[in-house]
Amino acid sequence: MPARPTPGPAAVLFDMDGTLVDTEHLWWQCAAELATELGLVLTDRDLPEVLGRAVEHTAAHLHRASGTDRAERELVELLDESFTGKVAAEVVPRPGALALLAALRDAEVPTALVSASPRRVVDLVLDTIGRQWFTVTLAAEDTERTKPDPAPYLAAAERLGLEPAACVAVEDTPTGVASAQAAGCAVLAVPSTVPIPAAERVTPLESLEQADLALLGRLTAAAA
């Protein structure tokens, strides 16, 4: 008797920058360029304060590290303007991203975009890769707290009417993984810049090209 196929996940919740589109390096460029203006040189030690972080967090880090007398709000605005411009000029889907979204659509699996980027950046990306892939979208302004707090993933699951444990989150940074884990999601980690080791409820892959419905279904089954 043939084995029964593994059911798919109830929903898949995608991070955006570095996960679906290759923009994480653009965010690092923005932070590095502003740091240079402030007399700083960013190194690997700054990665946790930049990658996967909201603009306010990175601005606060640069403000503290540089000791600048420029207002923190000004740094937020400079980072936001720079990143928006870079994204508008260069949005490239990561390998396998659109194929996986198409497979989920064909299987009628709900999806959410869960981003720590501002809404105007999210909308720029959606205008390029297509809004039709996502059942709901959340940007930084849509929750009171952002990653690594679990609030964004909890809000996404709630909007879909699902328990987080029934969902798979797809992330590329330790910050995003921590957010999804804390919310109770199974996590598929596809690192964009820094390695992410396997852990409880965290399965790393080199590329979304290796992901399919069967794998995503196994991740939620294992979490349950």
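All residue numbers in this chain count up from 1 along the given sequence. Side chains included, hydrogens not; waters and symmetry mates left out as well; all remaining heavy atoms used.
- Salt bridge absent: Glu81 and Lys86 never bring a charged side-chain N and a carboxylate O closer than 4.0 Å.
- Of all heavy-atom pairs spanning Asp22 and His25, the tightest one is O-CE1, 2.9 Å.
- Surrounding CD of Glu158 are at most 12 heavy atoms belonging to other residues, nucleotides or ligands under 6.0 Å away.
- With sequence neighbours excluded, the residues satisfying salt bridge (charged side-chain N to carboxylate O under 4.0 Å, His left out) with Arg119 are Asp123, Asp142.
- Atom CD of Glu200 has 12 or fewer heavy atoms from other residues, nucleotides or ligands within 6.0 Å.
- Considering all non-hydrogen atoms of both residues, Asp15 and Leu20 come closest at O-CG, 3.5 Å.
- Under the rule for a side-chain hydrogen bond (donor to acceptor under 3.5 Å, both in side chains), the partners of Ser192 that lie at least two apart in sequence or sit in another chain are Asp172.
- Other residues, nucleotides and ligands contribute more than 12 heavy atoms inside 6.0 Å of the CD atom of Glu77.
- The only option from Thr220, Val170, Leu100, Leu213 that meets the side-chain contact (heavy atoms from CB on, under 4.5 Å) definition with Val12 turns out to be Val170.
- Taking the ring-ring contact (aromatic ring centres under 6.0 Å, His included) definition, one finds that Phe83 meets it with Trp27, sequence neighbours left out.
- Expressed to the nearest 0.5 Å, how far CZ of Arg94 lies from OG1 of Thr19 amounts to 7.0 Å.
- Rounding to the nearest 0.5 Å gives a distance of 10.5 Å between CG of Leu154 and SG of Cys167.
- Looking only at distances, no side-chain donor or acceptor of Arg201 sits under 3.5 Å from a matching main-chain atom of Ala165.
- Here the CG-CE distance, from Leu124 to Met16, works out to 8.5 Å after rounding to the nearest 0.5 Å.
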